[in-house]
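Following: one structure in structure tokens, then a few remarks.
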2 protein chains.
Amino acid sequence: MQTVLATAGLAPVFATALLNEGVAQAPSIRAGAELRGGMRRTYEADAEIFAEGDRAATFYKVVTGVVRTYKLLSDGRRQIDAFHLPGDIFGVEAGEEHRFNAEAVTETKLAVHRREPHALSGDDGTLAREVVAAMMRSLERAQDHMLLLGRKSAKERIATFLLGLSRRMASRGAAIELPMSRADMADHLGLTVESVSRAVTQLEREGLIELPPNRRAVVLRDVRALNHLAG
Amino acid sequence: MQTVLATAGLAPVFATALLNEGVAQAPSIRAGAELRGGMRRTYEADAEIFAEGDRAATFYKVVTGVVRTYKLLSDGRRQIDAFHLPGDIFGVEAGEEHRFNAEAVTETKLAVHRREPHALSGDDGTLAREVVAAMMRSLERAQDHMLLLGRKSAKERIATFLLGLSRRMASRGAAIELPMSRADMADHLGLTVESVSRAVTQLEREGLIELPPNRRAVVLRDVRALNHLAG
DNA sequence: CGTCTGTTTGACGTAGCTCAAGGAGTGTGG
DNA sequence: CCACACTCCTTGAGCTACGTCAAACAGACG
């Protein structure tokens, strides 16, 4: 009971709990790493983790790497609802089936958890609490993202995205690696590849960000201005 | 424990549980209607229920009426993340503060619940389970809505919106009352009032829907075609 | 009956999309 | 170690769906 009460009562702690966890976690509890940490599985870049309509027997926690979850329209239009970084939980469903597709963005290591209750009953329900906290966090991110998709300009979207990524990745300084392609960014931000590219270039020209020659990383030069843009 | 296990284990039942409840609910348990049903409060149309930044001491369940929750950008751009119909729970937060504004769309009656754990401990944690289920449902709706905002055309958005509303309101036949203004629809669908109006008119001209003279209700004439449009 | 507010319609502007081509980094085979 | 090929990113030129601005229209209500 305690657990769900906390959920409905909502200790703010939970919301951020799993962020501070990341890869590191005590793996040696009586029941073994399988329970506490779940079974490990590795995926190479672009490998499918699950597809929409698959039976949702398991959910996942990112150990290393990055995952994208997305929906498709019948004609192929794609919306990436989220990128999942180390420590993030994804694939939790209310119903029987996965409502998304999930793929590795980079080579990725996941902890796999069965969704059956008994598999979660390890000690005091730490994982269960974590799952609820993760749902809560997903919801908050989704809500912020709706504001972005519904009301922000391309430049504002990029600024928001980069700031969010920077906050979530334990980035050294203000430099962020971009693990995903422009196409992934586009399908996350509700834009086209070209619009993403142009907005990035524009922010660069205005001196708010800086990119290396291979364009797969970003240095946030003017966080203040970016924050202002992000709204 | 049972409760949260169910959450992480995810009986599909929960997801739809509160939809079938609506206004009716057994109010007479030992502890009184206050616990089971929460304290009642009434709001007139456009009345503020809470604002972003307000201390989130309570959450709410719609008894009758409709509520909009929304975020604002500093320059006034608004994104309505959801409309809440009878039976829906809203205002649940992970942190200390509300992250949204909430207003009554029509005259609205709400059940108010304190978020303190002990207030939820009535019998077997029914309400707590309901809250978690509500979160799950919000998340699913938010995810679907991101696809809409990121990738659908104006006409597709309207079609999706009307179908969703029709499913959620226990509508007699295919007729739906539209409790919200075009401005509210626009700020929910990431469009302008004019674009909403034009898309509605167009669907009407194509014979997919039909509107009464006052334009505040819709009959879905061709659900098949609407579904096809909605993707 | 007149005012008020929300909806529709029209004319025009533009942010972002489409289509197309040209770099540039990375990886492979000789 | 170089050359070629592949992929991804950028840039350019025009197009279009939707936004903006403005006005007319129509229920609703006093």
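Values reported hereafter were calculated over all heavy atoms of this structure, with side chains retained and with hydrogens, waters and symmetry mates removed.
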Could you check whether [X] gets within reach of a base, just the sugar-phosphate, or nothing at all, counting any heavy atom under 4.0 Å?
{"X": "A:Arg198", "result": "base"}
{"X": "B:Ser197", "result": "base"}
{"X": "A:Val193", "result": "base"}
{"X": "B:Thr192", "result": "base"}

Do the charged groups of [X] and [Y] touch, with an N to O distance under 4.0 Å?
{"X": "A:Lys152", "Y": "A:Asp144", "result": "no"}
{"X": "A:Asp81", "Y": "A:Arg141", "result": "no"}
{"X": "A:Arg168", "Y": "A:Asp88", "result": "yes"}

Item to check | Residue mapping more 5' on DNA chain C - nearest nucleotide basis, A:Ala154 or B:Leu211 | outcome: B:Leu211

Does [X] have a side-chain nitrogen or oxygen under 4.0 Å from the phosphate oxygens OP1 or OP2 of [N]?
{"X": "A:Ser195", "N": "C:dC17", "result": "yes"}
{"X": "B:Arg215", "N": "C:dT8", "result": "yes"}
{"X": "B:Thr201", "N": "C:dT9", "result": "yes"}
{"X": "A:Asn214", "N": "C:dA24", "result": "no"}

In this structure, how many angstroms lie between the [atom2] atom of [N] and the [atom1] atom of [X], rounded?
{"X": "B:Glu204", "N": "C:dT9", "atom1": "CD", "atom2": "C1'", "answer": "13 Å"}
{"X": "B:Leu203", "N": "C:dT8", "atom1": "CG", "atom2": "C1'", "answer": "15 Å"}
{"X": "B:Leu191", "N": "C:dT7", "atom1": "CG", "atom2": "C1'", "answer": "16 Å"}
{"X": "B:Ile158", "N": "D:dA17", "atom1": "CD1", "atom2": "C1'", "answer": "14 Å"}
{"X": "B:Arg151", "N": "C:dC17", "atom1": "CZ", "atom2": "P", "answer": "7 Å"}
{"X": "A:Arg77", "N": "C:dC17", "atom1": "CZ", "atom2": "P", "answer": "13 Å"}
{"X": "B:Leu189", "N": "D:dA17", "atom1": "CG", "atom2": "P", "answer": "19 Å"}
{"X": "B:Leu148", "N": "D:dC18", "atom1": "CG", "atom2": "P", "answer": "11 Å"}

Item to check | Options D:dC9, C:dT8, C:dG16, nucleotide nearest the side-chain atoms of A:Ser181 | outcome: D:dC9

Item to check | Chi angles and distances behind the side-chain contact (heavy atoms from CB on, under 4.5 Å) call for A:Thr160, A:Leu147 | outcome: CA-CA 11 Å; A:Thr160 307; A:Leu147 177 60; over 6 Å; no

Checklist entry - Is any side-chain N or O of B:Glu194 under 3.5 Å from a base N or O of D:dC21, one able to act as donor and the other as acceptor? => result yes

Checklist entry - With a cut-off of under 6.0 Å to the ring centre and 45° to the axis, is A:Lys71 in cation-pi contact with A:Phe100? => result yes

